[in-house]
Participant: 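Below is one structure. I have some questions about it.
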Amino acid sequence: MSHSQVEDRKAKLARLRELGVDPYGRRFENVTSLAEARRMGEGYNLEPGQHAEGSSVRVAGRVMLHRPAGKLVFMTLRDGTGDMQIAVSKAAVSETEFAVASKLLNLGDIIGVDGTLGRTKTGELTVWANTVTMLSKALQPPPEKWHGLKDVDLRYRRRYVDLFTNPGVREVFKQRSLIIDAIRRCLVERGFFEVETPVLQPIYGGAAARPFTTHHNALDMKLFLRISPELYLKRLLVGGIERVFEFSRNFRNEGIDTQHNPEFTLLELYQAYGDYNDMMDILEAMVSAAIERIGGGYKRKFGELEIDFAPPWPRRQYADLLFEYAGVRIDDVAAVRKKAESLGLEHVGMDDALVINEVFEATVEPKLIQPTFVLDYPAPICPLTRRKPDDPNIALRFEAFVAGMEVGNAYTELNDPAVQEENFRRQLAGENREETMAVLDEDFLLALQYGMPPAGGLGVGIDRLVMLLTGSTSIRDVILFPLQRPKATSEAGEEGDEVTAEDVEDGP
RNA sequence: GAGGGCGUAGCUCAGUCGGUAGAGCAAAGGCCUUUUAAGCCUUGGGUCCUGGGUUCGAGUCCCAGCGCCCUCACCA
């Protein structure tokens, strides 16, 4: 590379040092946020051209725009709360500071400014600098100031740039944080307490999914990254934690698309002495609390759709919906298989219940746009769920759908250890699909034998819920660092990265 | 896994029929005390994703590969 902007910036960095300026700053105390500085400024009711005499404010942020005009320099600073204009007049600051502000600064640098509040002749609220402090020299140029960073690949790979360049991205993740906080408070208020259960598991379970595997060196044992926290949380029910929840990161070694990321966040909660009816109430309450927290009301846009989250959500029978959308009765196996055939679905040699569910997924789920609870699933596909007392073919399970996506999954939990063991064993003996629960968790069965209270349990796909509430149609837009294939960036040290992670021992 | 699209300067993008690389922003130097994506003058900056092939000549056409996006398939 003969000449790069990075080189230019390094040269400026050297000149800063020559002038005795630390390009990377130090502690900068008592900073007022730009939003707060704006509020203060508004409070003075200034006329255009007027300054608030005696006002004093210290702000800091990244230089997003730079408009030098001779002996006066305007710039737009950005911090976590917004943007604000800074003006540096040559007459008001030291020679070095003016050199910094007018010549040695680049877009993307982080600076601190002490000054007074005022309005420009055109009425823009502005911090007029008395001092300018270099806090961080950016060696890499930021993206173009008008169009920003558009390249989707780069936005994910360099999320840090995406975040300061595209304010809407920050807003989505702020809302994600608020949604999670609202849900957590909602549960804590109801007497639930939060736990953390193992991510590294010798036996995986609680869902049907292919796991990631890893290895522990000292114990020389194979471990799985969890696919679900379910079996551990139920152990806690046995232990007497009667209302328990976990925001759990799970890992499923499966495809990636707009609704699936290999690692994702699943909220699971269990309530002793309850059942799936309680879980419906709680889900509605949590979503309402989240919406209240982020604002914007129950009616929300999602892509082309408008979704009304106002509770109560319709509670529909699985069998009724199947008949309504697929035109087949759930107990008419021949008709269901014929339907599967006409839909081009695989069904030969498959269990009846699986075929029914294939048809359901193909015909009903995409139609469930408005929030809907689907109740009472075919029992064989629900090994962890209690059966309906008067019909052992039906499991007391619901899934909640919005915009055709599954966002919630709940059971009246099965607490009969004998039935549970039988279900597991049937599962093992049945389809030997590699992703089904391939390992019998005997300790879990042992736990049930000590007695688990009857309970309702609920899982909520947090990423998908955040998608729906923030209008993000791709799961990658609500995950800060979605998994990307590594790209050969021709940076030094790319080679040999096979070796590193596995063999390097932990530090302290 | 299948189909489609995209990949050109730091960023956002043009690039005609195959004729030897362009703009804006950004950057460097200069001028400017009221700008709002400031303006004006000057200058520098390219592995046209990678590797082959066709051709006198390839950013452009062909083949293979890589990365990303979309749709489908897969996915309790």
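First the proteins, then the strands, lettered A, B, ... as listed; each starts at 1. Side chains included, hydrogens not; waters and symmetry mates left out as well; all remaining heavy atoms used.
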Participant: Give me the distance, rounded to whole Å, that separates B/G51 from B/U43 when you measure between the C1' atoms they each carry.
Facilitator: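 Those two atoms are separated by 36 Å.
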Participant: Mind checking A/R15 for me? I need base, sugar-phosphate or nothing, with any heavy atom below 4.0 Å counting as a touch.
Facilitator: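 Here A/R15 touches the backbone only, sparing every base.
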Participant: Tell me what A/R67 touches on the nucleic acid: a base, only sugar-phosphate, or nothing, going by heavy atoms under 4.0 Å.
Facilitator: base
Participant: Salt bridge or not for A/K339 and A/E341, using N-O below 4.0 Å?
Facilitator: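 Salt bridge: no.
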Participant: Measure from the side chain of A/P383, starting at C-beta and using heavy atoms only, and say which of B/U33, B/C13, B/A76 lies closest.
Facilitator: B/A76
Participant: Using a cut-off of strictly less than 4.0 Å, decide whether A/N106 has a side-chain nitrogen or oxygen near OP1 or OP2 of B/G10.
Facilitator: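 For B/G10, OP1/OP2 do not have a side-chain N/O of A/N106 under 4.0 Å.
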Participant: Using atom P of each nucleotide, how far apart are B/A9 and B/G18 to the nearest Å?
Facilitator: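 Nearest-Å result for B/A9 against B/G18 at atom P: 23 Å.
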Participant: Watson-Crick or G-U wobble partner for B/G1, using a 3.5 Å limit on both distances?
Facilitator: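 Matched B/G1 with B/C72 under the 3.5 Å cut-off.
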Participant: How would you label the contact of A/Q484 with the nucleic acid (heavy atoms, under 4.0 Å): base, sugar-phosphate, or nothing?
Facilitator: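 The residue A/Q484 makes sugar-phosphate contact but no base contact.
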Participant: Looking at every strand, decide which applies to A/G49 at a 4.0 Å heavy-atom threshold: base, sugar-phosphate, or nothing.
Facilitator: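 Nothing, no heavy atom under 4.0 Å.
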Participant: So what does A/R119 touch, heavy atoms closer than 4.0 Å: a base, only the sugar-phosphate, or nothing?
Facilitator: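 It contacts nothing in the nucleic acid.
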Participant: Would you classify A/R397 as touching base, sugar-phosphate or nothing, given that sugar-phosphate means primed atoms plus P, OP1 and OP2, and contacts are heavy atoms under 4.0 Å?
Facilitator: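 Contact class for A/R397: sugar-phosphate only.
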Participant: When both hydrogen-bonding distances must be under 3.5 Å and the geometry is Watson-Crick or G-U wobble, what is B/U20 paired with, if anything?
Facilitator: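 WC or wobble partner does not exist here.
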Participant: If the C1' atom of B/G46 is compared with that of B/C13, how far apart are they to the nearest Å?
Facilitator: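 B/G46 and B/C13 have their C1' atoms separated by 15 Å.
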Participant: How close do A/R78 and A/T165 get, heavy atom to heavy atom, and via which atoms?
Facilitator: NH1-O, 3.4 Å
Participant: Can you check side-chain contact (heavy atoms from CB on, under 4.5 Å) on A/I462 and A/L266, steps first, answer last?
Facilitator: CA-CA 6 Å; A/I462 293 295; A/L266 180 64; over 6 Å; no
Participant: A/R476 side chain N/O closer than 4.0 Å to the phosphate oxygens (OP1, OP2) of B/C68?
Facilitator: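 Indeed not, no polar side-chain atom of A/R476 lies that close.
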Participant: The side chain of A/L107 is closest to which nucleotide in this list: B/A38, B/A27, B/C70?
Facilitator: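 That would be B/A27.
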Participant: Is there side-chain contact between A/L354 and A/D352, with heavy atoms separated by less than 4.5 Å?
Facilitator: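 No; the side chains remain at least 4.5 Å from each other.
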Participant: For A/K145 and B/A38, is the shortest distance between a side-chain N/O and OP1 or OP2 below 4.0 Å?
Facilitator: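 Answer is yes, contact under 4.0 Å.
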Participant: CG/A/L321 to CG/A/L368 distance, rounded to the nearest 0.5 angstrom?
Facilitator: 6.0 Å
Participant: Can you tell me how far C1' in B/G24 sits from the matching atom in B/G1, rounded to whole Å?
Facilitator: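 Comparing C1' positions in B/G24 and B/G1 gives a spacing of 42 Å.
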Participant: Does any nucleotide pair with B/A27 by Watson-Crick or G-U wobble geometry, both distances under 3.5 Å, and what is it?
Facilitator: B/U43
Participant: For RNA chain B, whose closest nucleotide is more 5', that of A/E399 or that of A/R157?
Facilitator: A/R157
Participant: Under 4.0 Å, heavy atoms only, any strand: does A/K121 hit a base, just the sugar-phosphate, or nothing?
Facilitator: base
Participant: For A/P142, report the nucleic acid contact type (base, sugar-phosphate, nothing); a contact means any heavy atom under 4.0 Å.
Facilitator: nothing
Participant: Which whole number of Å gives the distance between the C1' atom of B/C25 and that of B/A38?
Facilitator: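 Straight-line distance between the two C1' atoms is 13 Å.
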Participant: Suppose you measure atom P in B/C40 against the same atom in B/U47; what distance do you get, rounded to whole Å?
Facilitator: 29 Å
Participant: With a 3.5 Å limit on both atom pairs, tell me what B/A58 is paired to, counting Watson-Crick and G-U wobble, or say none.
Facilitator: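 Across all strands, not a single nucleotide pairs with B/A58.
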Participant: Using the C1' atom as the reference point in each nucleotide, state the distance between B/G67 and B/U50 in Å, no decimals.
Facilitator: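 Between the two C1' atoms, the distance is 11 Å.
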Participant: If B/A64 has a Watson-Crick or G-U wobble mate with both distances under 3.5 Å, name it; if not, just say none.
Facilitator: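 By the stated definition (distances under 3.5 Å), B/U50 pairs with B/A64.
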Participant: So A/Q140, base contact, sugar-phosphate only, or nothing? Heavy-atom distance under 4.0 Å.
Facilitator: nothing
Participant: Scan A/A11 against the nucleic acid and name what it touches under 4.0 Å (heavy atoms): base, sugar-phosphate only, or nothing.
Facilitator: nothing
Participant: Report the residue (A/T258 or A/P141) whose heavy-atom-nearest nucleotide on RNA chain B is the more 5′ of the two.
Facilitator: A/P141
Participant: Between A/Y156 and A/F481, does the ring centre distance come in under 6.0 Å?
Facilitator: no
Participant: I'd like to know if A/Q5 reaches the base of B/A26 with its side chain such that a donor and an acceptor end up less than 3.5 angstrom apart.
Facilitator: yes
Participant: So what does A/K71 hit on the nucleic acid, given a heavy-atom distance under 4.0 Å: a base, only sugar-phosphate, or nothing?
Facilitator: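 Base, at least one base heavy atom under 4.0 Å.
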Participant: Using a cut-off of strictly less than 4.0 Å, decide whether A/K12 has a side-chain nitrogen or oxygen near OP1 or OP2 of B/A28.
Facilitator: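 A/K12 to B/A28 OP1/OP2: side-chain N or O found under 4.0 Å.
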Participant: Under 4.0 angstrom, heavy atoms only, what part of the nucleic acid is A/N357 near: base, sugar-phosphate, or nothing?
Facilitator: nothing
Participant: Should A/R252 and A/R210 be marked as a side-chain contact (heavy atoms from CB on, under 4.5 Å) after you check the CA-CA gap, both sets of side-chain angles, and the distance that decides it?
Facilitator: CA-CA 6 Å; A/R252 296 186 182 176; A/R210 263 194 284 177; over 6 Å; no
